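Computed from a prediction, not measured in an experiment: that's the story for all the values here. The chains referred to below are lettered A, B, ... by the order of the sequence lines, with proteins before strands, and numbering in each begins at 1.
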There are 2 protein chains.
Amino acid sequence: MSTPRNEPARTGGVREHNLALVLRQVAQGSRTATPPSRADIAAATGLTRATVSSLVDVLVGAGLVEELAPVARTRAGRPATGLALRADAVSGVGLEVNVDYLAVCVVDLTGAVRHRRVVDGDQRTRTPATALRRVARLGARAIAGERATGRAVAGVTIALPGLVQAPHGPLRLAPNLGWRDVDVVGLLTREPTLAGLPVTIDNEADLAALAELYAGGAGGSTSFVHVSGEVGIGAGIVLDGRLYRGRHGWSGEIGHVAVRPDGPACRCGAGGCLEQYAGQEAILRAAGVPADAATSMGGSSAVDRIAGLARAGHPEVRAALAGAGAALGLVVAGAVNLLDVDTVVLGGIYAPLAEWIGPAVAAEVDRRVLGAPWAPVEVRASSVGPDAAVLGAARSVVQGVLDDPASWLTAA
Amino acid sequence: MSTPRNEPARTGGVREHNLALVLRQVAQGSRTATPPSRADIAAATGLTRATVSSLVDVLVGAGLVEELAPVARTRAGRPATGLALRADAVSGVGLEVNVDYLAVCVVDLTGAVRHRRVVDGDQRTRTPATALRRVARLGARAIAGERATGRAVAGVTIALPGLVQAPHGPLRLAPNLGWRDVDVVGLLTREPTLAGLPVTIDNEADLAALAELYAGGAGGSTSFVHVSGEVGIGAGIVLDGRLYRGRHGWSGEIGHVAVRPDGPACRCGAGGCLEQYAGQEAILRAAGVPADAATSMGGSSAVDRIAGLARAGHPEVRAALAGAGAALGLVVAGAVNLLDVDTVVLGGIYAPLAEWIGPAVAAEVDRRVLGAPWAPVEVRASSVGPDAAVLGAARSVVQGVLDDPASWLTAA
DNA sequence: TCGATTTGTTCAGGAGTTGAACTTATCGTC
DNA sequence: GACGATAAGTTCAACTCCTGAACAAATCGA
């Protein structure tokens with residue numbers, strides 16, 4: 001698909017583009033009640049029926065698409081044969097290492113979750129090698145399971161909280177894990193099952209944003225900032241339907257944008273960073289809730305407790321959340337003034353707290369965003385859930401196949 | 001040109017792509033001492049000599065490219081015929097309305113400036129219709145001049161300081177002009193000479209950033225933020241070699257990013273905006289220089305006076321500039337943390353003041369940008385000059401022809 | 001003067017899409 | 001139950017465009 005700007009275009013590139021175009025139509029349509037036919041796709045894309053037929057043949061031959069059994073026909077004329085993504089051919093695997101858990105997730109081509117597992121445990125006490133060995137084993141077991149059912153695994157993507165040189169480069173810095181310059185892909189592929197697969201690495205917040213995009217979250221917007229509140233705060237920036245990773249893959253480090261020039265010192269060496277006002281620890285501190293409870297995605301956590309207290313009307317907690325929201329809103333407003341996105345998604349711990357944080361964010365955004373009077377900025381909670389990052393990791397793998405079926409064909 | 005993601009690719013699109021690819025090679029090479037031959041272009045692009053020949057024939061036939069007279073030949077073999085952009089075929093016209101001047105600029109295909117004119121005068125006292133009629137007349141006169149020499153004018157782009165719905169939409173808000181919801185294109189095309197041409201509108205700061213990009217400024221970087229200090233402060237964001245305009249065309253409103261949540265009130269309705277710390281008026285005030293002098297691009301201005309005082313070592317002025325630089329650096333560091341660009345360009349009034357503002361900006365950026373230890377962020381003064389916006393406007397017109405010669409061919 | 005070398009052109013062949021004609025399959029109606 | 005209308009899917013000649021090899025053109029060096 002889409003030939004790089006500085007490379008010559010060939011007629012083969014046309015076919016790659018159109019193959020992806022047709023597959024995208026099938027993917028969009030297979031979620032709806034009426035699966036698209038070849039003729040529908042021809043009408044929707046502008047290609048002729050002849051071309052669509054030829055392309056669909058290729059996709060069916062590759063096992064990515066299947067013809068559905070004919071359904072109740074209404075109109076005159078030869079009945080259409082519906083097309084849909086095959087759910088039993090290709091899977092994608094996502095992994096995640098975070099401060100206090102490991103996670104694995106498997107999705108099929110349609111995006112349906114086939115397998116999900118979270119293992120709680122503080123990873124800060126482990127070496128990178130140990131943590132990555134463990135998560136690689138989780139992945140290997142999941143892959144074996146997929147293969148046992150006859151599915152091919154298209155690849156593995158791991159989500160990490162920190163500066164990551166996507167998609168292969170090392171992890172430069174993960175302050176909250178205490179990692180620095182770790183060759184993540186090298187360590188993961190010590191596990192033999194992973195060694196033969198394309199393994200990529202990406203930032204946790206970026207993948208959470210992708211999960212939101214793929215799920216049609218963000219109210220269907222294709223230009224949004226997804227803010228993930230965790231121990232740290234990261235943002236995934238989606239512009240015109242594509243994740244913007246930045247020059248080195250380090251975009252979205254919103255947690256270290258300044259709220260006050262002379263604010264409290266931050267782990268990063270500077271001071272007044274957003275993390276000090278709206279990070280998980282800052283919120284707990286301001287709310288007067290002890291931070292001892294595990295913050296895992298699994299059991300009841302400190303965040304749940306905060307949400308409970310806020311729901312019960314606890315004034316100190318509500319004030320803490322409003323304060324965090326104001327700081328977050330200040331920074332988010334700055335981001336929107338710079339990027340002109342139409343939507344801001346609150347993810348991570350902000351999602352369950354959105355009822356109290358959201359209004360403060362929205363108020364600050366409305367007040368500070370220059371374009372708001374003409375195009376209001378929507379502030380909404382994530383629709384994906386707390387495991388957005390692993391899910392996005394797994395989805396990004398199958399999305400790679402959907403975006404470029406041609407190279408999957410030649411690879412497989 | 002690259003076929004849009006949701007449209008079918010045709011074989012014709014291949015030719016459009018390769019036509020642009022070849023033209024880009026000619027454009028790059030015609031600046032160097034040794035103009036490229038067909039064979040050079042084939043080697044550089046990966047296309048065959050046969051294809052390049054065919055494409056070059058088209059470009060020569062369209063008058064965009066010309067064969068050069070043979071030069072001194074050194075090696076054995078048939079001598080190469082050099083190719084270069086024709087400077088006498090197509091021109092682009094840029095216009096600008098700013099707070100205290102109107103400007104027009106004409107460039108040829110090679111980017112060389114053929115005509116430039118600045119008319120001082122406070123535009124705040126004029127209605128949008130009057131100001132636009134005057135600048136349209138300047139443009140019409142320039143266009144007539146071009147046509148008299150047999151050149152075709154590919155279009156007109158106007159630069160405006162404010163929220164602009166590029167490339168055709170209305171100007172929503174220009175706080176420093178006092179304009180609101182102005183149909184700029186409609187008013188401009190009342191001038192008959194402009195009515196027959198493609199007229200587009202864009203943000204002043206965005207076009208200044210484009211001028212920097214086209215001139216190979218920003219140290220050759222293709223991912224940078226160009227900050228234009230004027231009465232207001234705007235930024236043009238270039239990501240991966242392309243201007244990022246945002247969802248509505250309102251990106252880069254860096255002047256209204258907050259420095260302090262509770263800072264002084266701003267024209268925009270919020271408070272603590274960067275403009276209140278590093279805008280032209282704030283700098284003059286802090287430096288103790290009266291703001292009465294015109295701030296035009298032409299004669300000696302208040303900014304020149306500040307630069308003179310700073311050069312002479314005036315402590316109050318130097319402190320004012322360092323203070324403005326620190327505030328600017330704080331906000332720019334936030335932008336870099338979000339966008340992960342490798343370069344920051346100081347333009348507008350910051351360019352002549354860069355000697356004193358730059359270090360303060362760089363210090364703040366180094367301290368606050370999370371990725372700085374691995375990939376230092378370069379902070380540099382603009383290499384284009386104070387009329388970057390009009391120049392970028394004119395260049396953006398001819399760049400449109402260079403980027404998509406095929407549609408120029410069919411149009412002309 | 002002749003071979004070596006490099007540039008540029010010509011031409012058959014292959015990949016890909018198009019558009020029209022054709023086949024297939026179903027519905028309505030007489 | 002037969003027949004026409006209707007729509008889906010397939011086949012095939014025509015067109016565009018790139019490739020690769022052969023060829024023609026122009027120059028250098030011996």
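Exactly one residue among L55(B), V58(B), V22(B), V60(B) makes a side chain to side chain contact (heavy atoms under 4.5 Å, CB included) with V65(B). That residue is V60(B).
Both V14(A) and A76(A) lie close to DNA chain C; mapped to their nearest nucleotides by heavy-atom distance, the more 5′-ward contact belongs to V14(A). In this structure, G82(B) and G77(B) both approach DNA chain C, and ranking their closest nucleotides by distance from the 5' end singles out G77(B).
Put simply, T11(A) has no side-chain N or O that comes within less than 4.0 Å of OP1 or OP2 on dG14(C). Checking the phosphate oxygens (OP1, OP2) of dT18(C), a side-chain nitrogen or oxygen of R10(B) falls inside 4.0 Å. Between S53(A) and dA8(D), a side-chain N or O to OP1/OP2 separation shorter than 4.0 Å is absent. Remark: S54(B) is not in phosphate contact with dC17(D), judged by side-chain N or O atoms under 4.0 Å from OP1 or OP2. An OP1 or OP2 oxygen of dT17(C) is reached within less than 4.0 angstrom by no side-chain nitrogen or oxygen of T51(A).
D40(B) places its CG atom 8 Å from the P atom of dG8(C), with the value rounded to the nearest Å. Atom P of nucleotide dA15(C) and atom CG of L55(A) are separated by 15 Å, given to the nearest angstrom. Summarising the geometry, the separation between CG on L47(B) and C1' on dG8(C) is reported as 15 Å, rounded to the nearest angstrom. In this structure, the CD atom of E67(A) is 16 Å from the P atom of dT24(C), given to the nearest Å. Straight-line distance from the NE2 atom of H17(B) to the C1' atom of dC18(D): 13 Å, rounded to whole Å. In this structure, R75(B) places its CZ atom 13 Å from C1' of dA26(D), rounding to the nearest Å. L83(B) has its CG atom 12 Å from the C1' atom of dT7(C), to the nearest Å. Taking atom CG of residue D57(B) and atom P of nucleotide dT10(C), one finds them 8 Å apart after rounding to whole Å.
Counting only heavy atoms from C-beta on, A50(A) has its side chain closest to dC12(D) among dT7(C), dT19(D), dC12(D). Checking dT7(C), dT23(C), dC18(D) against every side-chain atom of N18(B), the shortest atom distance belongs to dC18(D). Out of dC17(D), dG8(C), dT17(C), the shortest distance to the side chain of A80(B) is found at dG8(C). Taking the side chain of T48(A) as heavy atoms from C-beta on, and the options dT7(C), dT18(C), dC27(C), the nearest nucleotide is dT18(C). Nearest nucleotide to the side chain of R38(B), out of dT17(C), dG8(C), dG20(D): dG8(C). When the nucleotides dG19(C), dC17(D), dC28(D) are ranked by their closest atom to the side chain of R15(B), dC17(D) comes out on top.
A donor-acceptor contact under 3.5 angstrom links the side-chain atoms of R49(A) to the base of dG9(D). The base of dT6(C) has none of its N or O atoms less than 3.5 Å from a complementary donor or acceptor on the side chain of R78(B).
For the pair R147(A) and L197(A), the tightest heavy-atom approach, listed with the atom from each and the gap, is NH2-CD2, 3.8 Å. Across all their heavy atoms, L213(B) and G241(B) have their closest contact at CD2-O, 3.5 Å. Residue V384(A) comes nearest to A215(A) through the heavy atom pair CG2-CB, 4.2 Å, listed as atom of the first residue, atom of the second, then distance.
To the nearest 0.5 angstrom, R38(A) atom CZ is 6.0 Å from D57(A) atom CG.
Using a 4.5 Å cut-off on side-chain heavy atoms (C-beta onward), L21(B) and N6(A) make contact.
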